[in-house]
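So you know, we letter chains A, B, ... as the sequences are listed, proteins then strands, and number each from 1.
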Protein chains: 2
Amino acid sequence: MPYATDEIVKQLRETRERKPLSQRELSQLSGVPQAQISRIESNSIDLRLSTLIAIAHALDLEIALVPRKAVPAIKSITRQTMDAASIQAPEIAREMRRLRASIHRTQVAFPSLPQNEDLRSSFMFVQQWPIPANDFGTLRSIRVALERAIGNHSSDDVADVINDFRSLRNRIAHAPPASDRDDQTRPAYSLDEDDDG
Amino acid sequence: MPYATDEIVKQLRETRERKPLSQRELSQLSGVPQAQISRIESNSIDLRLSTLIAIAHALDLEIALVPRKAVPAIKSITRQTMDAASIQAPEIAREMRRLRASIHRTQVAFPSLPQNEDLRSSFMFVQQWPIPANDFGTLRSIRVALERAIGNHSSDDVADVINDFRSLRNRIAHAPPASDRDDQTRPAYSLDEDDDG
DNA sequence: AGAATTGATATATAAATCGACATCAACATC
DNA sequence: GATGTTGATGTCGATTTATATATCAATTCT
C-alpha cells in the first residue's frame, strides 16, 4: 500500500529468488517470521527499519543513503555485482536448490568433515555463473552421490564429489562469454524480468 | 535503542546539518513532525520505511540496497558527492541560514520576480563549496541588501544582489584548492567530526 | 533585555507493525 | 497417489510507531 517502498521491496524479493532461498529459509537466516516476509514481499506493508536491515543483512545487502546525484553511478555499480549473481533457468534453479539441501544434509551427517568447506565454496562459486542447461545432469549426479554417501555413512565418498564439483566449477567459469553457443542453452536467464512497474 | 540503524540515522542528521536545515524546516519539507524527527535523530527509535523515505527524499537522498561486495565502491562515490556539500565553519553556516531565510522572504515578497530563480540557484551553488571566513561580510551584505529591498518594496534592488551573488559564486568556485591560504581561514571545516561510533 | 528559534521531551490517542501461531491451495517429490 | 514444501492469508495480543500538542532550557536575534 505505501509509496516508493515498492522498489526496495522488489529488490529484496529479487535478491532472495536469485540466491535462491525460500521464504522460510530466509526467515531462519534473518529471524523474521515467514508470514511477515510474505506480507512484506507481496503486499508491501510498512516495515520498520530494523526489520529491513535484518532481512537485508541475511541477503548480504547493506542499506545505503546516497545523494540523488550519485544514484546513476551507484546503480551502475550495483548492476554489475547484482547481475553477477545470475538468474538460472528454472530447472537449473530447482536443481541447485536440491543440491544446496543435500549439501546441508551432508554437513549435518558429517559435521567434522574438512571437505564441507570445499562443498560450500564450490556451490557458492558455481552459483555466481550462468549454468548451461546441459549441465543439469552434472548437478544431479553430484547431488545423488552426496545422498548416497549420506545413506552409506561413508564420508569417504564425498571426496569424489568434491572433484566432480571442482571440474564443473572450472568448466563453467571458463566457458565462452555467452554470445552464441548454438545449442538451446540459454546462457543467462533474462535479467530484466519485469523491470517496469 | 536498535542495532545498526545508528549509522543511517547519523547520516540523516549529518545531511540535515549540512544543508543546513532546522528540524522544523525539515519537518515542513518531509511532512514528519519535528518531535518525531528529534526522537529519530537523538534517541533512534525504530522508524518505519515510509518515514525514512520521506525524510531522505526531503534531504535529496535515496535509499539503496547494495550488495556487501559493492559497499566500498559505493562509499567512495558517496564520499565524493557528500563531501562536496561541505560543512561550513559555524559562523558561516549561521549566516547561510539567515541568508536562506532572507531569500525565502524575498520570494514571498515578490512572488513573480524572475530573479528569484537566480537567487535560489546561486545559493544552492555556493552552498556546495567551502566558504572562506573572510567572505562572511559578503554574505552579510547580500542578505542586508535583500532585506532592504523587501522593506522598500522595490524589487529592482534585487538585481544588484544577483550580481554580488554571482561574483561571490565565481570567486569561491575558482578559489585555490584549499591547501594553504596562510590566513586563519579554515578552507574547509573538519570533515570527520566524530566519525568514530 | 526582550522576543524568537532551536532541539529535546511529556502526554494522550489512533493506528500500525510484529510475532506466534494456524491454515490453505499449488506444486514438487518420491 | 501420498507426502512435503512453498508462498499467501487469517487471527490475536503485545508492543511500538506516528501524530497532535504543549512545554522547556539554551541560544540566537533584534
For nucleotides 5-14 of chain C, print each protein N/O atom paired with a nucleotide N/O atom at under 3.5 Å, atom names and distance only.
| from | atom 1 | to | atom 2 | distance (Å) |
| --- | --- | --- | --- | --- |
| dG7(C) | OP1 | Arg16(B) | NH1 | 2.9 |
| dG7(C) | OP2 | Gln23(B) | N | 2.6 |
| dG7(C) | N7 | Arg24(B) | NH1 | 2.9 |
| dG7(C) | O6 | Arg24(B) | NH2 | 3.3 |
| dA8(C) | OP1 | Arg13(B) | NH2 | 3.1 |
| dA8(C) | OP2 | Gln23(B) | NE2 | 2.8 |
| dA8(C) | OP2 | Ser38(B) | OG | 3.1 |
| dA8(C) | N7 | Gln34(B) | NE2 | 3.1 |
| dA8(C) | N6 | Gln34(B) | OE1 | 3.4 |

Open item on the list: Looking at Glu25(B) and Ser22(B), would you say the former's side chain and the latter's main chain have a donor-acceptor pair under 3.5 Å?
Closed with: yes
Task: Any donor-acceptor N/O pair, Gln11(A) side chain to Leu65(B) backbone, under 3.5 Å - done: yes
TODO: Check the distance between dA16(C)'s C1' and Arg48(B)'s CZ and give it to me in whole angstrom.
DONE: 4 Å
Task: Residues clustering with Ile74(B) (ILVMFWY side chains joined when closer than 4.5 Å, directly or via others) - done: Val66(A), Val71(A), Ile74(A), Ile77(A), Val66(B), Val71(B), Ile77(B)
Open item on the list: Applying salt bridge (charged side-chain N to carboxylate O under 4.0 Å, His left out), can you list everything that pairs with Arg94(A), at least two apart in sequence or on another chain?
Closed with: none
Open item on the list: If you assign each of Arg140(A) and Leu47(A) to its closest nucleotide in DNA chain C, which residue comes earlier from the 5' end?
Closed with: Leu47(A)
Open item on the list: A quick test of your reading: do over 12 heavy atoms of other residues, nucleotides or ligands sit less than 6.0 Å from CD of Gln28(A)?
Closed with: no
Task: Hydrophobic cluster partners of Met124(A) (side-chain heavy atoms under 4.5 Å) - done: none
Open item on the list: Can a donor-acceptor pair be found, under 3.5 Å and without considering hydrogens, that links the side chain of Arg16(A) to the backbone of Leu21(A)?
Closed with: yes
Task: Heavy-atom contact window of chain B on DNA chain D, given 5' to 3' at under 4.0 Å - done: dT17(D) to dC29(D)
Task: Set of side chain to side chain donor-acceptor pair (under 3.5 Å) partners for Arg166(B), sequence neighbours left out - done: Asp118(B)
